[in-house]
Amino acid sequence: MNYWLVKSEPDAYSWDDFVRQGKAVWDGVRNYQARNNLASMRLGDPVLFYHSVEGKEVVGLAKVSHEAYPDPTIPEDPRWVVVELEPVTRLSRPVSLQQIKAEPLLQNLLLVRQSRLSVVPVSVNEFECILALGS
DNA sequence: GCCAACGTTGGC
DNA sequence: GCCAACGTTGGC
């Protein structure tokens, strides 16, 4: 089992939008590293949902409901893939970027260290630390 | 609004 | 294959 974190600008697609729809096709990823991460996701992997730009906090927990397949929004370019995600639960308390940066156990979180990457792996320890902060 | 970090593009 | 120019992301 692997753990992940995905980012979304709530202005474009928020946790509430996600819950309303009951699932999301995670499309639009156009970065090789993020694409490789999508391709490594397995059915049922837990995924933290982070609001970038507005909010700057981890707001919910999702899971992979369908593994990677070619991005249907650009059939002419087979390089890119999507996965499908389903909401699991909203965090009782969102975990802010500030909190994350202040937490010694989260100093190596890729969200912080490589802030431009929109799909990043998270270690078990990091994952559980964030869930604990959020509950 | 600014800027750092980083990816991409294109000329050589 | 190198590197300058440029574009994008996202925190502050």
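Chain letters run A, B, ... following the sequence lines, proteins first and then strands; every chain starts at 1.
- Partners of A:Glu67 by side chain to side chain contact (heavy atoms under 4.5 Å, CB included), not counting sequence neighbours, listed by chain and number: A:Arg42, A:Leu43.
- Nearest heavy-atom pair across A:Pro46 and A:Leu61 is CB-CD1, 4.1 Å.
- The footprint of chain A on DNA chain C, defined by a heavy-atom cutoff below 4.0 Å, extends from C:dG7 to C:dC12.
- Near DNA chain B, meaning a heavy atom under 4.0 Å from it, residues 29-37 of chain A has A:Asn31, A:Tyr32, A:Gln33 in order of number.
- Of the residues in residues 47-54 of chain A, not one comes within less than 4.0 Å of DNA chain B through any heavy atom.
- Counting any heavy atom pair closer than 4.0 Å across all strands shown, A:Leu117 reaches no nucleic acid atom.
- Taking the charged nitrogens against the carboxylate oxygens, A:Arg35 and A:Asp71 have no contact shorter than 4.0 Å, which rules out a salt bridge.
- Grouped with A:Val25 in one hydrophobic cluster are A:Tyr69, A:Val82, the linkage being side-chain heavy-atom contacts under 4.5 Å among Ile, Leu, Val, Met, Phe, Trp and Tyr residues.
- Applying the side chain to side chain donor-acceptor pair (under 3.5 Å) criterion to A:Glu86, with sequence neighbours excluded, gives no partner residue.
- Of the residues in residues 98-107 of chain A, not one comes within less than 4.0 Å of DNA chain B through any heavy atom.
- Within the 4.5 Å cutoff, the side chain of A:Leu131 has heavy atoms near those of the A:Leu91 side chain.
- Counting non-hydrogen atoms of other residues, nucleotides and ligands closer than 6.0 Å to CZ of A:Arg113 gives a total of 12 or fewer.
- Counting side-chain heavy-atom gaps under 4.5 Å among Ile, Leu, Val, Met, Phe, Trp and Tyr, the cluster of A:Val119 also holds A:Trp4, A:Val6, A:Tyr13, A:Trp15, A:Phe18, A:Val19, A:Trp26, A:Val29, A:Leu38, A:Met41, A:Val47, A:Phe49, A:Val59, A:Val64, A:Val81, A:Val83, A:Leu85.
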Stepwise side-chain hydrogen bond (donor to acceptor under 3.5 Å, both in side chains) check, A:Glu57 with A:Gln98: CA-CA 8 Å; A:Glu57 54 196 12; A:Gln98 239 184 343; over 6 Å; no
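- Scanning for salt bridge (charged side-chain N to carboxylate O under 4.0 Å, His left out) contacts around A:Asp45 gives an empty result, with sequence neighbours left out.
- Listed by chain and residue number, A:Glu84 satisfy the side chain to side chain donor-acceptor pair (under 3.5 Å) test with A:Lys23 (two or more places apart in sequence, or in another chain).
- A:Lys7 comes within 4.0 angstrom of sugar-phosphate atoms only, judged by non-hydrogen atoms across all strands, and of no base.
- The side chain to side chain contact (heavy atoms under 4.5 Å, CB included) search around A:Leu111 returns A:Leu5, A:Lys7, A:Tyr50, A:Leu97, A:Ile100, A:Leu109, not counting sequence neighbours.
- Under a 4.5 Å side-chain heavy-atom cut-off, the cluster of Ile, Leu, Val, Met, Phe, Trp and Tyr residues that includes A:Leu105 has no other member.
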